[in-house]
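Remarks on the structure that follows.
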Amino acid sequence: MFRPSHSLTVGNAKVTLEEGLRAIAGGETEIDLGDVVAVDSAAVATLLAWQCAALNQGLTLHFSSLPANLESLIDLYGVTELLAPTGVTVAASTLHH
């Protein structure tokens with residue numbers, strides 16, 4: 001399981017993106033975001049890039065323990081369905097449309 005650090009913002013998105021891509025290239029399919037507390041739009045872009053990388057490898061990526069502020073951004077940008085193909089855990093039930 002890959003666990004990004006407490007921050008996923010423009011300040012560290014490139015490093016975190018690369019760490020996640022390495023994990024996915026190694027076959028990782030679970031990303032636990034439970035430690036993440038600081039996010040901005042770069043977090044959404046990072047999750048989308050990870051999802052794309054996983055799909056390109058034929059993997060189903062699971063996101064777990066999304067913080068509420070990240071769920072709100074995912075909803076705001078309208079990408080819930082892109083980040084939650086069948087079997088992926090994004091707490092869509094807590095999102096308001």
Side-chain angles (χ1 to χ4, degrees):
M1 176 182 321
F2 175 65
R3 291 184 71 125
S5 68
H6 70 281
S7 175
L8 186 45
T9 63
V10 71
N12 70 331
K14 183 177 179 187
V15 170
T16 305
L17 170 66
E18 291 169 354
E19 291 171 349
L21 290 174
R22 280 192 298 274
I24 293 165
E28 186 59 64
T29 60
E30 178 75 27
I31 297 181
D32 183 342
L33 298 156
D35 293 338
V36 177
V37 293
V39 298
D40 62 17
S41 59
V44 177
T46 300
L47 268 60
L48 288 168
W50 288 337
Q51 184 67 276
C52 183
L55 291 172
N56 285 338
Q57 286 186 220
L59 300 173
T60 300
L61 193 61
H62 299 267
F63 297 106
S64 61
S65 304
L66 275 75
N69 54 353
L70 181 53
E71 287 183 357
S72 293
L73 284 174
I74 289 168
D75 185 44
L76 175 68
Y77 291 118
V79 295
T80 301
E81 291 174 7
L82 294 174
L83 292 173
T86 304
V88 176
T89 306
V90 172
S93 63
T94 63
L95 299 178
H96 303 285
H97 296 279

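Numbers for residues simply follow the sequence, beginning at 1. Since this is a predicted model, take the numbers as computed values, not measurements.
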Note, L47 side chain near V79 side chain (heavy atom, < 4.5 Å): no
All salt bridge (charged side-chain N to carboxylate O under 4.0 Å, His left out) counterparts of D35, not counting sequence neighbours: R3
Residue pairs passing the salt bridge (Lys or Arg N to Asp or Glu O under 4.0 Å) test where at least one lies in residues 8-26, sequence neighbours excluded: none
Pair listing, side chain to side chain donor-acceptor pair (under 3.5 Å) test, anchored in residues 36-49, at least two apart: none
Atom of M1, atom of E28 and distance for their closest heavy-atom approach: N-OE1, 2.8 Å
Salt bridge (Lys or Arg N to Asp or Glu O under 4.0 Å) contacts touching residues 55-65 (sequence neighbours left out): none
Exercise: identify the closest heavy-atom pair between V39 and A43: CB-CB, 3.9 Å
Least distance between heavy atoms, P67 atom then V36 atom: CG-O, 3.4 Å
Distance, nearest 0.5 Å, that separates OG of S64 from CG of L33: 6.5 Å
Same apolar cluster (I L V M F W Y, side chains within < 4.5 Å links), V15/L70: no
From CG (L21) to OG1 (T16), nearest 0.5 Å: 10.5 Å
Residue pair A42 / V10: nearest heavy atoms and the distance that separates them: CB-N, 3.6 Å
Polar side-chain atom of N12 near backbone of S7 as donor-acceptor pair, under 3.5 Å: yes
Spatial distance of atom CG (L48) from atom CG (L82) [nearest 0.5 Å]: 6.0 Å
Spacing of CG belonging to L66 relative to CD1 belonging to I74, to within rounding of 0.5 Å: 5.0 Å
Interatomic spacing from CG in D75 to CD in E71 - rounded to 0.5 Å: 9.0 Å
V37 backbone acceptor or donor facing N69 side chain under 3.5 Å: yes
Closest approach of A13 to L8 (non-hydrogen atoms, all atoms of both residues): CA-CD1, 4.3 Å
Qualifying ring pair (Phe, Tyr, Trp, His ring centres under 6.0 Å) pairs with a residue from residues 4-23, counting only residues at least two apart or across chains: none
Nearest-0.5 Å distance that lies between atom CD1 in I24 and atom CG in L61: 5.0 Å
Any pair counted as ring pair (Phe, Tyr, Trp, His ring centres under 6.0 Å), so long as it reaches residues 19-54, sequence neighbours left out: F2-W50
